[in-house]
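Mind having a look at this structure? Questions to follow.
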Amino acid sequence: MPLIMDCSSATSTTLSRPLLLLADLQDHDHHEKDHNNESSGTTTTTTNININPLTIDWSFLQKQKHIPKDFIWPKRDLPLITNAKEELREPLVDLEGFFKCDEMATRAAAELVRQACSSHGFFQVINHGVDPRLIDLAHQHMESFFKLPTSEKLRARKMPGSPWGYSAAHAERFSSRLPWKETLSFGFHDQDCSVSVVEDYFNSTLGKDFEQTGMVYQMYCEAMMRLSLAIMELLAISLGVDRKYYKEFFEDARSIMRCNYYPPCMQPNLALGTGAHCDPTSLTILHQDQVGGLEVFQNDSWLSVPPLKNAFVINIGDTFMALSNGKYKSCLHRAVVNRYKGRKSLAFFLCPKEDKVVRPPHDLVLGEQTRMYPDFTWSDLLHFTRSFYRADSATLPNFISWLLSSKKPNG
């Protein structure tokens with residue numbers, strides 16, 4: 001049967017607003033009931049510094065000879081020290097044909113996506129329609145923010161009960177295995193066209209000096225949302241279901257934008273920028289700088305992902321794994337650090353609206369013996385990861401066990 005192209009749904013993600021000039025210099029990481037205080041298993045000299053989320057000063061830490069013990073990870077979690085790191089070799093998914101409604105090119109792209117997502121849940125896209133000037137601006141504003149004095153960044157610090165704001169090593173939630181990074185997270189949705197939620201966040205949190213930063217990230221999130229919906233359409237094609245199913249499911253999404261900075265680390269063999277985990281969200285669109293540090297687990301090995309300036313990294317999360325009835329794999333990944341260079345990345349996490357019921361399309365489970373996962377809402381999974389569980393490689397099965405046990409009648 002020929003593939004019927006719906007050109008109206010394959011809109012290019014180009015900018016419709018004028019680009020801004022940089023005028024002034026300015027992770028699923030989740031709440032943990034600390035269940036693992038293991039050391040790295042080696043005799044290690046550390047800096048005796050008490051970690052307080054309000055007093056972490058990266059410029060001070062980088063002048064020390066040793067990292068604080070709170071940042072040391074168990075030996076089993078750390079990368080092996082080798083001279084050469086094997087790279088993940090995956091074909092790039094070219095979206096140009098999809099946006100031009102080219103049936104053959106779309107089928108070819110969907111097949112590459114199917115192979116990657118069935119194996120490890122990771123691929124990269126090029127010719128994605130996002131203006132490179134906007135990407136550069138987003139990186140420039142991120143760099144400007146993280147260069148601010150600690151006291152200035154803390155104006156945007158995460159407050160109790162809020163997922164949004166600045167975090168130094170997520171020390172407000174974790175007490176061990178701290179990630180060697182700082183982040184700025186904020187929410188995005190575009191249901192109300194009269195409200196620019198990202199601009200409002202920056203203006204209300206950091207003031208008028210960050211008005212342009214808010215405008216840049218508002219535009220960036222809008223571009224990421226358009227790209228997300230295009231990829232959702234391609235995922236549906238690759239799974240052989242109604243091409244609009246996932247696109248329509250996420251049209252009222254409540255997503256997360258996160259800026260990540262991984263400072264140089266004096267003992268990179270003991271620390272991680274982000275520990276091994278699968279994102280609990282649905283889809284992650286990542287743009288990394290040229291430093292490198294992202295690694296993906298495939299065929300029992302950690303493989304590095306070399307940065308490609310004009311590509312976006314795409315990885316499947318736990319929620320979409322459930323939406324595909326387990327056919328597509330949630331991507332297990334981590335971020336390593338290095339001694340000499342800081343690393344930056346922009347991560348957009350596509351999430352359903354909180355009350356949306358997560359279930360695969362009927363066509364996908366038709367004729368199969370069983371559903372892999374019960375129905376749940378994104379708010380259920382979000383509550384689990386923020387209140388009870390630190391995201392790792394087994395978040396989804398542990399969440400399902402928790403969900404089913406919590407629904408059992410008492411007694």
Side-chain angles (χ1 to χ4, degrees), residues 27-85 142-143 145-154 157-158 166-184 258-277 288-295 297 302 304 333-345 390-393:
D27 275 289
H28 304 348
D29 303 302
H30 306 281
H31 184 74
E32 176 186 42
K33 303 272 187 192
D34 229 342
H35 54 76
N36 190 341
N37 260 325
E38 291 180 294
S39 70
S40 64
T42 60
T43 302
T44 306
T45 304
T46 63
T47 298
N48 188 21
I49 298 175
N50 291 324
I51 298 300
N52 182 313
L54 298 182
T55 60
I56 293 179
D57 186 331
W58 292 103
S59 61
F60 172 77
L61 287 181
Q62 290 173 68
K63 295 174 184 176
Q64 309 306 305
K65 293 181 64 175
H66 306 287
I67 64 175
K69 61 180 176 59
D70 309 79
F71 287 94
I72 295 178
W73 285 67
K75 186 176 182 180
R76 67 173 186 273
D77 294 334
L78 295 168
L80 296 175
I81 301 174
T82 57
N83 293 327
K85 191 72 175 179
M142 172 170 55
E143 183 173 8
F145 175 82
F146 287 124
K147 280 184 175 179
L148 289 172
T150 299
S151 59
E152 288 294 301
K153 288 182 285 192
L154 286 174
R157 70 181 182 272
K158 284 187 177 180
Y166 169 76
S167 174
H170 299 314
E172 75 280 356
R173 291 172 295 178
F174 305 163
S175 61
S176 67
R177 296 179 294 143
L178 295 182
W180 190 265
K181 70 174 179 178
E182 49 185 330
T183 62
L184 178 65
R258 180 170 296 153
C259 303
N260 300 300
Y261 177 60
Y262 305 88
C265 180
M266 47 285 201
Q267 292 179 296
N269 58 315
L270 299 178
L272 284 170
T274 303
H277 70 287
Q288 52 180 340
D289 66 11
Q290 297 303 294
V291 174
L294 176 63
E295 296 185 349
F297 195 73
W302 284 104
S304 67
H333 58 287
R334 69 183 181 187
V336 300
V337 291
N338 71 78
R339 185 187 300 272
Y340 304 106
K341 291 184 178 180
R343 173 178 175 261
K344 301 182 299 298
S345 67
R390 183 173 180 174
D392 59 14
S393 61

Task: Under the ring-ring contact (aromatic ring centres under 6.0 Å, His included) test, residues paired with Trp302 that sit two or more places apart - done: Phe297

TODO: State, to 0.1 Å, how close Lys153 and Leu148 come at their nearest heavy-atom pair, and which atoms those are.
DONE: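 Scanning both residues completely, I find the closest heavy atoms to be CE-O, 3.2 Å.
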
Task: Exercise: identify the closest heavy-atom pair between Gly293 and Arg343 - done: N-NE, 3.8 Å

TODO: With sequence neighbours left out, write down each residue that passes side chain to side chain donor-acceptor pair (under 3.5 Å) with Ser151, or none if nothing qualifies.
DONE: none

Open item on the list: Nearest 0.5 Å, please: how far is CG in Leu270 from NE2 in His66?
Closed with: 10.0 Å

Open item on the list: Is any side-chain heavy atom of Thr183 closer than 4.5 Å to one of His170?
Closed with: yes

Open item on the list: Going by side chain to side chain contact (heavy atoms under 4.5 Å, CB included), name the residues that satisfy it together with Tyr261, two or more places apart in sequence or in a different chain.
Closed with: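 Listed in chain order: Phe146, Glu182, Pro263, Pro264, Lys344.
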
Task: Derivation of the side-chain contact (heavy atoms from CB on, under 4.5 Å) call for Ile67 and Ile72 - done: CA-CA 8 Å; Ile67 64 175; Ile72 295 178; 3.8 Å; yes

Open item on the list: For Arg334, is there any backbone N or O sitting under 3.5 Å from a side-chain donor or acceptor partner on His277?
Closed with: no

TODO: State the CG-CD distance between Asp289 and Glu143, to the nearest 0.5 angstrom.
DONE: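 It is 9.0 Å, given to the nearest 0.5 Å.
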
Open item on the list: Just so I know, are the side chains of Leu61 and Cys265 near enough to count as touching, which here means a heavy-atom distance under 4.5 Å?
Closed with: no

Task: Residue pair Phe174 / Ala169: nearest heavy atoms and the distance that separates them - done: CD1-O, 4.5 Å

TODO: For Trp73 and Ser176, indicate whether the former's side chain and the latter's backbone hold a donor-acceptor pair under 3.5 Å.
DONE: no

TODO: Identify, with sequence neighbours excluded, every residue that meets side chain to side chain donor-acceptor pair (under 3.5 Å) alongside Ser345.
DONE: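 Asn260.
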
Task: Reported CZ-to-CD1 distance for the pair Phe71 and Ile56, which is rounded to 0.5 angstrom - done: 4.5 Å

- [ ] Mind listing the closest non-hydrogen atom pair of Asp77 and Leu272 along with its distance?
- [x] O-CD1, 3.6 Å

Open item on the list: Quick check: closest heavy atoms across Lys341 and Val291, and the distance to 0.1 Å?
Closed with: CB-CG1, 4.0 Å

Open item on the list: Donor-acceptor check, side chain of Arg339 to backbone of Met266, threshold 3.5 angstrom: yes or no?
Closed with: yes

- [ ] To the nearest 0.5 angstrom, please state how far the CG atom of Leu178 sits from the CG atom of Asp70.
- [x]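 Going from the CG atom of Leu178 to the CG atom of Asp70 covers 5.5 Å.
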
Open item on the list: Using 30° and 60° as the class boundaries, would you call the ring planes of Trp180 and Trp58 parallel, tilted or perpendicular?
Closed with: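 Rings of Trp180 and Trp58: perpendicular, as their planes differ by over 60°.
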
- [ ] Using the test side chain to side chain donor-acceptor pair (under 3.5 Å), find all partners of Glu152 that sit at least two apart in sequence or belong to another chain.
- [x]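 Per chain and number, Glu152 pairs via side chain to side chain donor-acceptor pair (under 3.5 Å) with Arg155.
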
Open item on the list: To check you understand the geometry: which heavy-atom pair defines the closest contact between Val337 and Pro268, and what is its length?
Closed with: O-CB, 3.4 Å

